[in-house]
Number of protein chains: 2
Amino acid sequence: MSATTPTAPTKLELLELLAAIGTAQWRDFAAAAAHYGLTSTQARVLAQLNGPLPMRGLATLLVCDASNVTGIVDRLEARELVRREADPSDRRVKNVVATDAGREIIRRVREEMQATHGALDTLDETESATLYALLERLRPTMEKDA
Amino acid sequence: MSATTPTAPTKLELLELLAAIGTAQWRDFAAAAAHYGLTSTQARVLAQLNGPLPMRGLATLLVCDASNVTGIVDRLEARELVRREADPSDRRVKNVVATDAGREIIRRVREEMQATHGALDTLDETESATLYALLERLRPTMEKDA
DNA sequence: GCAGATGTTTGATGTCATCAAGTAACTCCA
DNA sequence: TGGAGTTACTTGATGACATCAAACATCTGC
C-alpha cells in the first residue's frame, strides 16, 4: 500500500467508475460475439451452457420470460450451436445442450475479448489478487435482488 | 495488505468475476429504471445528458447508429423527459437537453440501485480507495476499441 | 383420478439494433 | 460564386429481444 496513496473517492464516483468498467466489458464481449455472427444474448446463452439445462433454467439464469428463450434457442439451434434433448425423467422439459461447435465458438469469443484481457494484463499478481478479493466481497450483495 | 492474504486468481476466474459484477450492476440499473417506466436504454441516454448534446454525439457515446437515437429520443420526448433544441451555430444539428423531470427521474434511478449501493457500503474507506484505484488503472485499456 | 401447478410454445406488441436512402445544411476550394 | 463533397438527422425495412396472455402437455398431491 505504499506505491499508491489513493484519495478517497465519493460513492458516486466509484459507482460511475464501476458502471464504466461494466459497459466497457460488455462492449468487448458483444464485439467479440459479433465477430462470430452472434448477438450478445446468444453468446450469453452459450456461456451458460456448461451442462444440459432446461429452457426454464435458462430463463431463470437470464432473468427473462421463458417464452423469450424459445426464440433465442431456436436461432442457436438453426446454426447447430445447440441442441434440444428430451429429459428422461420429465417429458415436459427440454434440455438445451451446447454442441461441439457451440462450445468452440464461445471459447473463441472469450479468448477474443482483447480489451478486457489487455486491461487485466496490466495488473501484477498482487493487484489481481487484491481486485479479485474486493470484487468477491461485493458479489453476494450485488446479486441479491431487490 | 495484512488482513487479506488472497490466493492468486487465474485470469479466467478474474474475468468471470468481473463479468458477474458487471451483469449484476446492469440488472440493478435496469430494475431501477423499470421502476419509473424507463427501458435501460432510455435511462442510459438520460444518464449521458449533463448538458445539451447533439443527436450524433449521443450516438457516438452509445456506440450505435444515429438513426437509432432518433427513436429513443422520440420516446423520451413524448414523455417530456427530454427536449430537442435547435443549435444556434449549425442548423443541421438538434441538441438534446434533459428537462427538469428528466434530470429528476435519472437521479432517482441512480438512488434506487440498492444492490449496488448496498454492496459498495460493505467496503470501508481504504478498500473503496483501493478498488477505485485499481479500476481506474483498468479503465483506459478497457475503453480502447478493438 | 382429478385439480392445480409447471414447462414449453405461439401470437401480439413494443423497443432496440442495423442498414440504405433521402433531405437539409455546412465546408472548401477552384 | 457556386458547385462537389461531407455531415446531421430522419424515414423505412428488417431482424433480434423483451414482455404478456393464452394454449397445450405433463407432472404432483390429495
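Order of the sequence lines fixes the chain letters, A, B, ..., with proteins taken first and strands second; residue numbering starts at 1 for each chain.
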Can you pull the salt bridge (Lys or Arg N to Asp or Glu O under 4.0 Å) pairs that have at least one residue in residues 53-78 of chain B, sequence neighbours excluded?
->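 Listed by first then second residue: B:D74-B:R84, B:E77-B:R84.
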
Might you confirm whether atom CD of B:E125 has over 12 heavy atoms from other residues, nucleotides or ligands at distances under 6.0 Å?
->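 Check fails, neighbour count at 12 or below.
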
Please table the atom pairs, donor to acceptor, closer than 3.5 Å between any side-chain atom in residues 34-47 of chain B and protein atoms at least two apart or in another chain.
| from | atom 1 | to | atom 2 | distance (Å) |
| --- | --- | --- | --- | --- |
| B:Y36 | OH | B:E112 | OE2 | 2.4 |
| B:T39 | OG1 | B:Q42 | N | 3.1 |
| B:Q42 | OE1 | B:T39 | N | 3.1 |

To the nearest angstrom, how far is [X] atom [atom1] from [N] atom [atom2]?
X     : N      : atom1 : atom2 : value
B:R44 : C:dT15 : CZ    : C1'   : 14 Å
B:L38 : D:dT19 : CG    : C1'   : 16 Å
B:R27 : D:dA18 : CZ    : C1'   : 14 Å
A:E77 : C:dT8  : CD    : C1'   : 13 Å
B:W26 : D:dA18 : CH2   : C1'   : 13 Å
A:D87 : D:dC27 : CG    : C1'   : 12 Å
B:L62 : C:dT15 : CG    : P     : 17 Å
B:I72 : C:dG14 : CD1   : P     : 17 Å

State, yes or no, whether a side-chain contact exists between A:V97 and A:L49 at a heavy-atom distance under 4.5 Å.
->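 A:V97 does not reach A:L49 side chain to side chain.
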
When every nucleotide of nucleotides 8-15 of chain D is labelled 5' to 3' by its protein contacts under 4.0 Å (heavy atoms), B for base, S for sugar-phosphate only, - for none, what sequence of letters results?
-> SSBB----

Could you give me the CA-CA distance, side-chain angles and deciding distance for A:E143 and B:R27, then say whether salt bridge (charged side-chain N to carboxylate O under 4.0 Å, His left out) is met?
-> CA-CA 9 Å; A:E143 289 181 345; B:R27 273 213 262 280; over 6 Å; no

Quickly, which of A:T130, A:L17, A:L14 forms a side-chain contact (heavy atoms from CB on, under 4.5 Å) with B:L131? Name it, please.
->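 Looking at A:T130, A:L17, A:L14, the match for B:L131 under the side-chain contact (heavy atoms from CB on, under 4.5 Å) is A:L14.
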
Among D:dC17, D:dT19, C:dA17, the one nearest B:C64 by side-chain distance =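 It is C:dA17.
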
Side chain of B:R91 only, please: which of D:dA16, C:dC26, C:dT15 is the nearest?
->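 Nucleotide nearest to B:R91's side chain: C:dC26.
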
